[in-house]
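Contents: one structure, followed by commentary.
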Amino acid sequence: MQGKKIGIIGSGSWATAMIKMLCENDQDKHIFWWIRKEEDAEYIQQFKHNPTYLSGVSVDLSITTIDTNAKNVVVNSDIVILNTPAAYLKDALRGVTKEDFKDKIVVSAIKGIIPKDNLIIGEFLEQHYAVDIERICVVGGPCHAEEVALGKLSYLTFGCKNLDSAALVASFLSSRVIKTILSEDILGIEFGAVLKNIYALAGGICHGLGYGDNFQAVLVSNAIREMRRFVAKVDGDTSRDVNTSAYLGDLLVTAYSQFSRNRTFGNMIGKGYSVQSAQLEMNMVAEGYYASACIQEYAEKYAVELPICDAVYQILYQHQPASKIIQALSEKLT
Ligand SMILES: NC(=O)c1ccc[n+]([C@@H]2O[C@H](COP(=O)([O-])OP(=O)(O)OC[C@H]3O[C@@H](n4cnc5c(N)ncnc54)[C@H](O)[C@@H]3O)[C@@H](O)[C@H]2O)c1
Ligand SMILES: O=P(O)(O)OC[C@H](O)CO
């Protein structure tokens, strides 16, 4: 086995898109891919495709080992990419120890908060697995798995305090159609990604209620300012440029794209679906639903006003009528 060993934990759309990026990148490497379900692992082994997500992506089994044991994948890899929805990460890593993560570069491709623990993934890795901040990398930027599968030009931002590590990770995912950007702003990228999901959900709710593009534009304009206020309050950095692709770019793609899980979920809520029926309707996870509850606690902790996040929370968790809450929100937007 030549080159670096790269592990992927997750078997949904984004993990499958990253498998495509890794397989198409020409650096020497071997991939270890954790698949949750035994039957899916057998299917991929036989047919070289994920049966459930992005089934058009073909897996190069000459450089990929499929494994249903996450511990094996972590232990065997130099770089471990975490790629489950945040709510399932602890479950996926059951049995994996601090020792297993020792000296690895750990990459979060997750855009969510661990529910109940209320931790972004970088914090979770530091607190639960003693991963040093210099070895934690996050992947942000506007990039839908479905467009990666279609070979559409996309840009990813790799955030790490150690820019050499960010560059190393980026070098394994880049290609003619995947451009990479480096950043040291782990916290900003993580929180920006968490918040944009809530804002896209708000946009979906408004669309479902019948609001038009004019209103959506005002909502998104307020959302980016709300994001900047929040992140600056958390780390005290007021110089961050949120108009770059990891922040505004990701917000725009999630708020407007036909592929967005969060917007689709919000749209169903706006049309009158219950949370449970909207979740059942989707075979995918809208991170913004979980993030909405978590961000409420952060807003209290940092005493920051987040009118859009509040509105989404009242609709999803306090079961307030969406039309009334969005009407009240519309009075606060500028
Ligand atoms: N899909 C994208 O375009 C995209 C892009 C960038 C980042 N992300 C982020 O990647 C992460 C993964 O999202 P996704 O879009 O691949 O997910 P998805 O919505 O496509 O798929 C759901 C995933 O949840 C898993 N799952 C369902 N029930 C589970 C359980 N009980 N235990 C463990 N796993 C379970 C499924 O196996 C599947 O991997 C999220 O944080 C998301 O925000 C996604
Ligand atoms: O747009 P969503 O809600 O599917 O989220 C996926 C990614 O975060 C887009 O970059």
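Atoms within each ligand, like the ligands themselves, are counted from 1 in listed order. We use all heavy atoms of the structure for the numbers below, so side chains are in, but hydrogens, waters and symmetry mates are not.
- The protein non-hydrogen atom at the shortest distance from atom 8 (N) of ligand 1 is Trp14 CD1, 3.4 Å.
- The shortest heavy-atom distance from Cys143 to ligand 2 is under 4.0 Å.
- Of the protein's non-hydrogen atoms, Ser13 OG, 2.4 Å is the one closest to atom 20 (O) of ligand 1.
- Under the 3.5 Å distance criterion, the side-chain polar atoms of Asp40 are left unmatched by any main-chain donor or acceptor of Thr52.
- Contact annotation: for Trp14 versus ligand 2, there are no heavy atoms closer than 4.0 Å.
- Here the side chain of Gln216 pairs a donor or acceptor atom with the backbone of Gly203 at under 3.5 angstrom.
- In summary, the atoms of ligand 2 found under 4.0 Å from a heavy atom of Gly141, numbered by their order in the structure, are 10 (O).
- Ligand 2 places these atoms under 4.0 Å from at least one heavy atom of Thr254: 1 (O), 2 (P), 3 (O), 9 (C).
- Of the protein's non-hydrogen atoms, the one nearest atom 25 (C) of ligand 1 is Tyr88 CD1, 4.0 Å.
- With hydrogens and angles ignored, the 3.5 Å screen pairs a side-chain donor or acceptor of Glu226 with a backbone N or O of Cys309.
- For the ligand labelled ligand 1, residue Ala109 lies inside the 4.0 Å heavy-atom shell.
- The closest side-chain heavy-atom distance from Asn197 to Tyr290 is not below 4.5 Å.
- Using a 3.5 Å distance cut-off with no hydrogens or angles, the side chains of Ser13 and Arg261 do pair a donor with an acceptor.
- Gln27 and Ser171 form a side-chain donor-acceptor contact under 3.5 Å, judged by distance and modelled atom types alone.
- Nearest to atom 38 (C) of ligand 1 among the protein's heavy atoms is Gly12 CA, 3.6 Å.
- The part of Tyr53 lying near ligand 1 is the side chain, judged by heavy-atom distances below 4.0 Å.
- Side chain to side chain, Glu300 and Gln296 fail the donor-acceptor criterion of an N or O pair below 3.5 Å.
- Contacts with ligand 1 closer than 4.0 Å are made by side-chain heavy atoms of Arg261 only, the backbone lying farther away.
- At a 4.0 Å cut-off, not a single heavy atom of Gly10 sits close enough to ligand 1 to count as contact.
- Closest to atom 3 (O) of ligand 2, if we only count protein heavy atoms, is Asn262 ND2, 2.5 Å.
- Among the atoms of Val285, some N or O lies under 3.5 angstrom from an N or O of ligand 1.
- Under the 3.5 Å distance criterion, the side-chain polar atoms of Thr64 are matched with a main-chain donor or acceptor of Asp60.
- Looking at Asn83 against ligand 1, both its backbone and its side chain come within 4.0 Å, counting heavy atoms.
- Not a single heavy atom of Ala286 sits less than 4.0 Å from an atom of ligand 2.
- Aromatic ring centres of Tyr247 and Phe191: separated by at least 6.0 Å.
- When Arg263, Met284, Arg261 are checked for heavy-atom proximity to atom 2 (P) of ligand 2, Arg261 turns out nearest.
- Atom 9 (C) of ligand 2 has as its closest protein heavy atom Asp250 OD1, 3.5 Å.
- Ranking the protein heavy atoms by distance from atom 40 (C) of ligand 1 puts Glu287 OE2, 3.3 Å first.
- For atom 29 (C) of ligand 1, the closest heavy atom belonging to the protein is Arg36 CZ, 3.3 Å.
- Qualifying side-chain hydrogen bond (donor to acceptor under 3.5 Å, both in side chains) partners for Ser260, counting only residues two or more places apart in sequence or in other chains: none.
- At least one donor-acceptor pair under 3.5 Å links the side chain of Lys104 to the backbone N or O of Ser77.
- Side-chain contact annotation: Thr254 with Asn262, donor-acceptor N/O pair under 3.5 Å absent.
- Taking only non-hydrogen atoms, the option from Lys111, Glu287, Lys196, His144 nearest to atom 1 (O) of ligand 2 is His144.
- The protein heavy atom nearest to atom 3 (O) of ligand 1 is Ala145 N, 2.7 Å.
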